[in-house]
Amino acid sequence: MPSSRLCSISVDLDEIPNYSAIHGLPEMSGPGANAVYEVGLGRLSDWSSARQFPLTLFAIGADMARRESAQRLRRMIERGHEIANHSLDHLYDLTKKSPEEQARQVQVAITVLEGATGSRPYGFRAPGYAVTDGLYEVLRESGVSYDSSVFPCPSYYGAKAVAMGWIVARGRSSKSILDQPNVLRAPRRPYRIGRPYWRRGAGMLELPIGVTPTLRLPFIGTAITMAGPDRARWLAKRFVREPFVNLELHGIDVLDASDGLSLLAPHQPDVRIPFANKLDALDAVVDVLTRAGFSFVRLDEAARNFA
Ligand SMILES: [Zn+2]
């Protein structure tokens with residue numbers, strides 16, 4: 001195992017119709033509807049081979065029904081990237097479903113993703129970062145070896161609360177739900193969950209999504225691409241003394257309005273930023289972390305290191 005500090009870059013492959021659902025927009029059709037798999041995966045593959053780091057790809061089981069998407073994902077796995085479980089249907093209210101339905105959403109996704117790619121997913125990330133003690137119990141029973149859903153970020157929580165209020169105020173209904181604010185008390189660094197899950201214990205290994213030390217600013221793709229290279233570099237430098245950086249991106253972070261997403265652009269400012277500019281900001285982060293001596297590993301490798 002690499003002994004130095006570790007950085008993992010993971011990508012949630014939420015396909016475009018999930019974003020229409022968040023904004024309460026009608027379901028999208030046309031080429032943009034599959035842009036994450038059709039355009040995004042190729043860009044992620046080029047970026048990761050140019051900069052020589054592996055990716056962990058959190059895929060939604062139901063997206064494997066589209067044969068071309070499954071084939072593209074399989075090719076990524078053959079290139080050494082990790083596949084992980086982003087649930088079967090990406091239900092934003094997964095934690096409100098019955099234990100049986102939660103188990104089905106976790107377990108059928110494992111079967112479907114393994115069938116589609118030939119590689120069994122061992123990691124899990126919940127839709128919309130929402131977890132509960134009950135969902136962790138389901139993950140344990142399903143043989144999941146690590147979770148990476150906890151996002152202890154007050155500004156994200158505040159922004160999400162405001163955004164959802166705004167969507168509802170304009171007469172649309174969002175499919176998104178708000179997590180318990182208790183998640184904000186969770187550790188920033190990898191930990192074994194206790195009961196409740198935001199306390200330390202002896203349970204499942206949790207690899208929380210990146211927030212900066214002290215201020216707990218979000219260190220995720222949208223924040224980085226919206227910040228631009230200079231501020232992205234400043235954010236990345238907050239981490240140079242950390243043992244682990246868990247950088248979470250979404251497929252949409254490598255797409256823009258010209259990829260068939262013009263319908264989303266009025267609702268999502270990040271979609272209006274050209275891909276080339278997003279890549280500059282993401283590259284700036286990789287530069288800072290590389291110079292600081294971080295080794296880039298998949299989340300399953302990071303999980304073994306912190307187990
Ligand atoms: Zn997602």
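Just so we're clear, the structure is a prediction, and the values are computed from it rather than from any experiment. First listed ligand is number 1; within each ligand, the first listed atom is number 1.
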Handout entry: Atom name, His86 (N, O or S, nearest to the Zn ion (ligand 1))
Key =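 Nearest to the Zn ion (ligand 1) within His86's N, O and S set: NE2.
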Problem - Heteroatom N/O/S of Asp12 within less than 2.8 Å of the Zn ion (ligand 1) - result: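 Given the 2.8 Å cut-off, Asp12 does not count as a ligand of the Zn ion (ligand 1).
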Handout entry: At the Zn ion (ligand 1): angle between His90 atom NE2 and Asp14 atom OD2, to 10 degrees
Key =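 Taking the Zn ion (ligand 1) as the apex, I get 90° for this pair.
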Exercise for the section: Measure from NZ or CZ of Arg238 to the centre of the six-membered ring of Trp234 and say whether it is under 6.0 Å with the direction within 45° of the ring axis. Expected result: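 Arg238 over Trp234 ring: yes.
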Problem - Atom CD of Glu68: over 12 foreign heavy atoms under 6.0 Å - result: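 Enclosed.
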Exercise for the section: Take atom CZ of Phe306 as the centre, draw a 6.0 Å sphere, and report whether it contains more than 12 heavy atoms from other residues, nucleotides or ligands. Expected result: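 Yes - once you tally the heavy atoms of other residues, nucleotides and ligands closer than 6.0 Å, there are more than 12.
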Practice task
Kindly say whether the aromatic ring centers of Phe239 and Phe219 come within a distance under 6.0 Å.
Solution key: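 Yes: the rings meet the under 6.0 Å criterion.
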